[in-house]
*Asks:* 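Quick one: the structure is below, and I'll ask about it shortly.
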There are 2 protein chains.
Amino acid sequence: MRIGEISKRSGLPAKTIRHYEDVGLIRSPRSENGYRFFTDNDLHKLTFIAQARSLGFTLGDCRILLGLYEDRQRASGDVKRVALESLARLERKLDELESMRAALGRLVERCHGDDRPECPIIDRLAGSSG
Amino acid sequence: MRIGEISKRSGLPAKTIRHYEDVGLIRSPRSENGYRFFTDNDLHKLTFIAQARSLGFTLGDCRILLGLYEDRQRASGDVKRVALESLARLERKLDELESMRAALGRLVERCHGDDRPECPIIDRLAGSSG
DNA sequence: CTTGACACTCCAGCTACAGGAGAGTTTACG
DNA sequence: CGTAAACTCTCCTGTAGCTGGAGTGTCAAG
């Protein structure tokens, strides 16, 4: 199939699929006219990548996971290691965003948001202790 | 003061300060030798930006907030509007990451992580329902 | 034979910087 | 006074993961 069809079937934009080829995540041979053509196996790979991305794996992770996916003999420990690192990254980011949300949420609550100039948000950014 | 000193005092790397100048967040006049020089007012601005960034505001937000900061007559409602949008962004991102963490966490728990090849993580990425 | 839907290859831009090269300036030490 | 360290400058590249657009080519239908 060509890129338009695999795009529809995988749910990934054609641009994204070309990008994955650019960075070496997949390879796609060309027809005589220069068009990429894809097999069902490529479709499996792309949906695999899409799933992994939706779980927060980076493209670097995807590269590793694809290798493990295609190695039927790999140890589940190898997969779990990658997943645990990704999980740790997610949790670090979550902690960071959560503390931002908490601090900003408190400020927003305390800001009247009316026509008056007094504003605890600006005060805080300007460095006042409150 | 020069960039090294304001860097120390603001806690921002010199690279970052130059970058803020590049994108027009601050402006800094030059001495005869071409070196940037900064005032205490610039220091206020930079710490303001640093605070805003740590609360999750984008540089675009910072640009707006700095304008509001310098306008003593602005309405607190104007500030709150920016803050609410930022908060909404944070919450969308948090929701996304949280659902990723939940899904990945479940998979990791179910993966033995030993020498055997069976792996629910790979199975899930490959599209199996479990 | 032309129109429209595809496909292709660059190149640029997004966010918010960081790293490094190569060059000039200032400062401290001997 | 010389020099070496420390500081500063500009410019270019890279990061992550695409997305948009320009300009061009291919192919099937009418």
Side-chain angles (χ1 to χ4, degrees), chain A residues 1-38 42 45-46 48-66 82 85-86 89-90 92-93 96-97 100, chain B residues 1-38 42 45-46 48-66 82 85-86 89-90 92-93 96-97 100:
Chain A
M1 72 196 89
R2 294 187 305 200
I3 202 167
E5 189 177 347
I6 202 172
S7 167
K8 268 182 210 148
R9 290 215 217 169
S10 66
L12 292 170
K15 281 272 185 190
T16 298
I17 298 171
R18 290 195 195 98
H19 176 66
Y20 288 168
E21 192 193 349
D22 281 347
V23 299
L25 217 46
I26 57 171
R27 256 164 295 154
S28 42
R30 307 303 180 100
S31 307
E32 284 189 4
N33 57 15
Y35 289 8
R36 290 166 182 82
F37 67 85
F38 301 91
D42 294 321
K45 283 196 195 176
L46 286 176
F48 181 97
I49 296 171
Q51 285 294 313
R53 296 286 298 130
S54 76
L55 288 177
F57 288 106
T58 67
L59 289 191
D61 293 333
C62 289
R63 203 182 305 273
I64 297 169
L65 290 171
L66 272 176
V82 176
E85 280 174 24
S86 181
R89 265 200 313 270
L90 280 175
R92 278 196 302 275
K93 192 68 186 173
E96 188 191 341
L97 292 185
M100 285 176 176
Chain B
M1 72 196 90
R2 294 188 306 202
I3 202 166
E5 189 177 347
I6 203 171
S7 167
K8 268 182 210 147
R9 290 214 217 168
S10 67
L12 291 170
K15 281 271 185 191
T16 299
I17 298 171
R18 290 194 195 98
H19 177 67
Y20 289 168
E21 192 193 349
D22 280 349
V23 300
L25 260 179
I26 57 171
R27 258 164 295 153
S28 41
R30 307 303 181 99
S31 307
E32 284 189 5
N33 57 15
Y35 288 9
R36 290 166 183 83
F37 67 87
F38 301 91
D42 295 321
K45 281 195 197 178
L46 286 176
F48 182 96
I49 296 170
Q51 285 295 312
R53 296 284 300 127
S54 77
L55 288 177
F57 288 106
T58 67
L59 289 189
D61 292 335
C62 289
R63 201 183 305 274
I64 297 169
L65 291 171
L66 272 175
V82 176
E85 279 174 26
S86 182
R89 263 199 315 268
L90 280 175
R92 278 196 302 274
K93 193 69 185 173
E96 188 191 341
L97 293 185
M100 285 177 175

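Remember, it's a predicted structure, so these values are computed and weren't measured experimentally. Throughout, a chain's letter reflects where its sequence line sits, starting with A, and its residues are numbered from 1.
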*Asks:* Between B/R30 and D/dT10, does any side-chain N or O lie under 4.0 Å from OP1 or OP2?
*Replies:* yes

*Asks:* Would you say D/dG17 has OP1 or OP2 under 4.0 Å from some side-chain N or O of A/R53?
*Replies:* yes

*Asks:* Let me know the distance between CZ of B/F37 and C1' of D/dC9, rounded to the nearest Å.
*Replies:*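 Nearest whole value for this atom pair: 16 Å.
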
*Asks:* Does OP1 or OP2 of D/dC27 have a side-chain N or O of A/N33 closer than 4.0 Å?
*Replies:* yes

*Asks:* Let me know the distance between NE2 of B/H19 and P of D/dG14, rounded to the nearest Å.
*Replies:* 18 Å

*Asks:* Answer yes or no: side-chain N or O of A/Y20 and base N or O of D/dG17 forming a donor-acceptor pair under 3.5 Å.
*Replies:*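 Under the 3.5 Å cut-off, the side chain and the base do not form any donor-acceptor pair.
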
*Asks:* B/I3 CD1 to D/dT10 C1': how many Å, rounded?
*Replies:*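 These atoms are roughly 12 Å apart.
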
*Asks:* Side chain to side chain donor-acceptor pair (under 3.5 Å) with A/E5: which of A/R2, A/R9, A/K8?
*Replies:* A/R9

*Asks:* I need the CD1-P distance between A/I17 and D/dG17, as an integer number of Å.
*Replies:*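 Going from CD1 in A/I17 over to P in D/dG17 covers 17 Å.
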
*Asks:* For B/R2 and for A/G60, locate the closest nucleotide of DNA chain D by heavy-atom distance; then report the residue assigned to the nucleotide nearer the 5' terminus.
*Replies:* B/R2

*Asks:* So, is B/T16 close to the C/dA18 phosphate, meaning a side-chain N or O under 4.0 Å from OP1 or OP2?
*Replies:* yes

*Asks:* Nearest-Å distance, NZ (B/K15) to P (D/dT10)?
*Replies:* 11 Å

*Asks:* Measure CD1/A/I6 against P/C/dC8 and give the value in whole Å, please.
*Replies:*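 These atoms are roughly 12 Å apart.
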
*Asks:* Could you state the atom-to-atom distance from CE of B/M1 to P of D/dC7 in whole Å?
*Replies:*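 From B/M1 CE to D/dC7 P: 16 Å.
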
